[in-house]
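Letters A, B, ... are given to chains in the order of the sequence lines, protein chains preceding strands, and every chain is numbered from 1. Source: prediction; values computed, not measured.
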Amino acid sequence: MHAFKIDDNMLDALKELANIGIGNAVTSLSQLLGEEKINMDIPVATLVPLQDAPESLGEEEIPVAGVYIKAAGDVDLTVLFVLSLDSAANLITNLIPGTKGGLDQMGISVLIEVGNILTGSYLNAVSLMTGLNLLPSPPQIAVDMSGAIISTVMAENQLIDDEVVLLRTTIRTMESRIDGNILILPDGGALEKIFSILGLR
Amino acid sequence: MEDNTIKVKIADLAVKKNEGVIVTVGLGSCVGIALYDSVNKVGGLAHILLADSKLQNKNESFNKAKFADTAIPLLIGKMESLGAERKNLRAKIAGGSQLFNFQKKGISIGEKILLQSSVS
């Protein structure tokens, strides 16, 4: 359990923070794709039992590409940008026309860079709203089952709480057929700081 | 999945006697530990997230299946209560992959144990 109880007000605040932050990130992606229209779902902020977290992106055995960025600084946050393999290929061909969108060195590099830009805009927005100093680590990428990627991220961050706060949103581009998920995992210490800045604690 | 299939989630474990299947998916850097007593037909499987329960505040009750040092004794205990005997147990371990290649701040638990055991 967390050191304090997370109530609906707090989840709402996180949702709003994610909404603005991811909104900025999606604007960056749209500019990158040549002002293409992108639909973004309203982020969902949930408190889920640790054991159910690997299923949070649906079927946990489907292979996906996941770009993982850890932000450190005043608080620790993990941002995961997850694409189905089809969407990853569409994103690569869109940005480097003429390629087949394979996950070769160039393809991987494109995905990492897009993850970097999305996360950078998100962190920038969160930093402006909260005054927190957030420094992203160089992004890492893995292609594996979605459940494996999420559980690895939780192990990497040594999440010892039995419930984790997950912020999730789905984005969908209108022309290039890219469906992606953005997942944000704040750790307990980060939540405590964010809530006190927002005056909820 | 068939009815007598038990699915083990992350930080979870299950035991079964006689007929049955125990599965877990998406190990990633987690570790799956399967134990089987072929004489008494008792099997067990744990999907472990972290290595050491020292990370957990001891004053609170916690999920023992999450940590290797607490999950394995718990798994063996549950299997023994179904009639398994320690001398018959055989183990298979899978997982522990390094999906992301981070610049290391520390040292991986595997390397630490190997160093402690003077294995290089």
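In this structure, chain A has a heavy atom under 4.5 Å from the backbone of B:Leu27, while its side chain stays farther away. Both the backbone and the side chain of A:Ile149 have a heavy atom closer than 4.5 Å to some heavy atom of chain B. Contacts of A:Gln51 with chain B are made by both backbone and side-chain atoms, with heavy-atom separations under 4.5 Å.
For A:Met145, the side-chain contact (heavy atoms from CB on, under 4.5 Å) partners two or more places apart in sequence, or in a different chain, are A:Glu61, A:Ala148.
Here the CG atom belonging to A:Leu191 is positioned 9.0 Å from the CG atom belonging to A:Leu11, to the nearest 0.5 angstrom.
A:Glu175 places no side-chain N or O within 3.5 Å of a backbone atom of A:Glu36 that could act as its donor or acceptor partner.
For B:Lys17, the NZ atom sits in a packed shell: over 12 heavy atoms of surrounding residues, nucleotides or ligands are nearer than 6.0 Å.
In terms of non-hydrogen atom pairs under 4.5 Å with chain B, the most contact-rich of A:Ala155, A:Pro54, A:Ser146 is A:Ala155.
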